[in-house]
Enquirer: 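Take this structure, written in structure tokens, and hold onto it; I'll ask about it next.
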Amino acid sequence: MTFGEQPAYLRVAGDLRKKIADGSLPPHTRLPSQARIREEYGVSDTVALEARKVLMAEGLVEGRSGSGTYVRERPVPRRVARSGFRPDGGATPFRQEQADAESRGTWESSSAQTEASVAVAERLAIRPGDRVMCTKYVYRDSGEPMMLSTSWEPLAVTGRTPVMLPEEGPLGGMGVVERMRAIDVIVDNVTEEVGARPGLAEELLALGGVPGHVVVVVHRTFYASGRPVETADVVIPADRYRVAYHLPVK
């Protein structure tokens with residue numbers, strides 16, 4: 001192989017990918033067998049197998065036990081709002097979108113006190129082992145899991161206050177900014193770091209994905225006068241949703 005030349009398995013995968021994209025291999029069509037790929041492209045069994053593995057890792061095909069490998073239905077990506085805009089009434093962007101009569105969004109949550117891990121403690125500028133309120137969310141669109149979120153708030157800030165539980169009490173579900181304002185903590189900044197990685201097994205199980213699927217991960221932290229008062233991990237399936245930002249210009 002000369003410099004810059006693609007390995008054979010990538011060339012085969014590329015041609016099959018093109019056929020999937022242009023409809024020559026439509027959704028639910030069985031992918032050519034390993035023997036057929038070997039014969040058609042003049043490659044070894046190893047190359048044919050590696051090409052199929054590439055397409056599977058990319059989420060273009062899926063294996064069915066005892067049946068073969070099939071082209072996956074490619075969903076049209078939908079939008080998940082991440083916004084600096086504060087909607088009327090203080091609802092979160094997700095709740096604002098789901099207020100539309102045509103939307104059928106639901107969510108469920110659970111909160112529990114726990115000790116901050118090293119990573120969470122670093123993000124909240126507290127000590128590992130300090131008590132935090134951990135809240136886990138599953139968001140659904142028309143019954144389909146679309147997003148996971150896990151948030152942590154230091155109990156040194158919210159403990160023994162009416163907003164200690166994010167989804168309960170007089171301001172339950174109103175969002176971090178409004179809840180913190182109720183206890184005289186003024187949130188004035190938020191950071192979000194966006195990345196991508198293979199989904200963890202428990203994440204993909206909750207989101208209806210398969211091993212190897214990629215997820216978008218948003219690390220969000222709210223600050224009040226430089227002090228972190230909440231941090232969260234938001235996990236979104238990358239093949240089904242796009243993250244959309246509305247950032248007002250001041």
Side-chain angles (χ1 to χ4, degrees), residues 78-100 103 105-117 119-127 130-141 146-195 215-236 241-250:
R78 286 174 281 177
R79 186 172 65 96
V80 173
R82 307 293 307 167
S83 178
F85 169 69
R86 300 307 305 170
D88 293 338
T92 63
F94 180 83
R95 284 178 169 84
Q96 182 194 31
E97 285 199 331
Q98 301 309 321
D100 189 296
S103 296
T106 59
W107 52 89
E108 55 196 59
S109 65
S110 62
S111 296
Q113 295 188 35
T114 187
E115 296 182 351
S117 67
V120 169
E122 182 177 358
R123 287 163 60 174
L124 288 174
I126 59 179
R127 294 172 299 183
D130 282 359
R131 303 294 290 177
V132 294
M133 183 64 70
C134 176
T135 303
K136 297 184 178 183
Y137 297 85
V138 179
Y139 296 92
R140 303 179 189 276
D141 182 8
M146 61 171 290
M147 182 167 64
L148 306 176
S149 177
T150 304
S151 69
W152 298 269
E153 296 179 353
L155 288 174
V157 175
T158 62
R160 300 179 182 274
T161 74
V163 301
M164 185 173 71
L165 292 169
E167 294 296 320
E168 298 181 24
L171 291 179
M174 293 299 287
V176 175
V177 175
E178 288 72 25
R179 290 175 47 250
M180 292 296 170
R181 184 184 295 127
I183 57 173
D184 298 323
V185 176
I186 307 303
V187 173
D188 54 20
N189 192 22
V190 58
T191 64
E192 291 199 350
E193 297 180 3
V194 182
V215 294
V216 174
V217 182
V218 180
H219 295 303
R220 179 197 70 205
T221 305
F222 282 101
Y223 296 85
S225 299
R227 179 184 186 181
V229 295
E230 189 257 21
T231 194
D233 288 346
V234 181
V235 179
I236 304 164
Y241 293 92
R242 292 176 179 165
V243 182
Y245 282 84
H246 171 197
L247 303 175
V249 177
K250 296 182 179 180

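Side-chain atoms are counted along with the backbone in the values below, which use heavy atoms only and exclude waters and symmetry mates.
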Enquirer: Can you name the nearest heavy-atom pair linking Pro228 to Pro154, along with the distance?
Expert: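 Shortest heavy-atom contact: O-CG, 4.2 Å.
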Enquirer: Which atom pair, heavy atoms only, marks the closest approach of Glu167 to Gly173?
Expert: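 So the minimum-distance heavy-atom pair works out to OE1-CA, 3.6 Å.
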Enquirer: With side chains defined as the heavy atoms from C-beta onward, is the minimum distance between Thr221 and Val190 less than 4.5 Å?
Expert: no
Enquirer: Glu230 and side chain to side chain contact (heavy atoms under 4.5 Å, CB included): which partner among Arg220, Arg179, Arg123?
Expert: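 Option passing the side chain to side chain contact (heavy atoms under 4.5 Å, CB included) with Glu230: Arg220.
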Enquirer: Should the heavy atoms of other residues, nucleotides or ligands under 6.0 Å from CZ of Arg78 be counted, would the total exceed 12?
Expert: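 More than 12 within 6.0 Å, yes.
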Enquirer: Quick one: are Ile126 and Val132 in side-chain contact, heavy atoms under 4.5 Å?
Expert: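 Yes; the side chains approach each other to less than 4.5 Å.
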Enquirer: Minimum heavy-atom separation for Thr161 to Val157, with atom names?
Expert: CG2-O, 4.1 Å
Enquirer: Please report the interatomic distance OG1(Thr158) to CE(Met133), rounded to the nearest 0.5 Å.
Expert: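 These two atoms lie 6.5 Å from each other.
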Enquirer: Let's go through Val138 and Leu148 carefully: what are the C-alpha distance in whole Å and the side-chain angles of both, what is the deciding distance for side chain to side chain contact (heavy atoms under 4.5 Å, CB included) to 0.1 Å, and is it a yes or a no?
Expert: CA-CA 5 Å; Val138 179; Leu148 306 176; 3.9 Å; yes
Enquirer: Rounded to the nearest 0.5 Å, what separation is found between the CG atom of Leu171 and the CG atom of Leu165?
Expert: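 Rounded to the nearest 0.5 Å, the CG-CG separation comes out at 12.5 Å.
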Enquirer: May I ask you to test the Cys134-Thr150 pair for a side-chain heavy-atom distance under 4.5 Å?
Expert: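 Yes, at least one pair of side-chain atoms sits under 4.5 Å.
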Enquirer: Measure the OG1-CD distance between Thr135 and Glu153 for me, rounded to the nearest 0.5 Å.
Expert: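 Nearest 0.5 Å value for the OG1-CD distance: 6.5 Å.
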Enquirer: Would you indicate whether Glu108, at its atom CD, is surrounded by more than 12 heavy atoms from other residues, nucleotides or ligands within a distance under 6.0 Å?
Expert: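 Atom CD in Glu108 is crowded, with more than 12 foreign heavy atoms closer than 6.0 Å.
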Enquirer: Within this structure, what is the CD1-CE distance for the pair Ile183 and Met164, rounded to the nearest 0.5 Å?
Expert: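 If I round to the nearest 0.5 Å, the distance is 11.0 Å.
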Enquirer: Working to the nearest 0.5 angstrom, can you tell me the gap between Arg140 CZ and Trp107 CH2?
Expert: 13.0 Å
Enquirer: Please report the C-alpha distance between Tyr241 and Asp141 in whole Å, then the side-chain angles of each, then the deciding distance to 0.1 Å, and finally whether the side chain to side chain contact (heavy atoms under 4.5 Å, CB included) criterion is met.
Expert: CA-CA 11 Å; Tyr241 293 92; Asp141 182 8; 3.9 Å; yes
Enquirer: Is there side-chain contact between Phe222 and Val185, with at least one heavy-atom pair below 4.5 Å?
Expert: no
Enquirer: Kindly indicate whether the side chain of Tyr137, heavy atoms from C-beta on, has any atom under 4.5 Å from the side chain of Val234.
Expert: no
Enquirer: How far apart are the C-alpha atoms of Asp188 and Ser225, what are their side-chain angles, what is the distance that settles it, and do they pass the side chain to side chain contact (heavy atoms under 4.5 Å, CB included) test?
Expert: CA-CA 7 Å; Asp188 54 20; Ser225 299; 4.0 Å; yes
Enquirer: Take a 6.0 Å sphere around CZ of Arg127 and say whether it holds more than 12 heavy atoms from other residues, nucleotides or ligands.
Expert: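 Not more than 12 within 6.0 Å, no.
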Enquirer: As an exercise, state the distance from CE of Met174 to CE of Met180, rounded to the nearest 0.5 Å.
Expert: 14.0 Å
Enquirer: Checking side chain to side chain contact (heavy atoms under 4.5 Å, CB included) for the pair Glu115/Arg131: CA distance, chi angles, key distance, verdict?
Expert: CA-CA 5 Å; Glu115 296 182 351; Arg131 303 294 290 177; 3.5 Å; yes
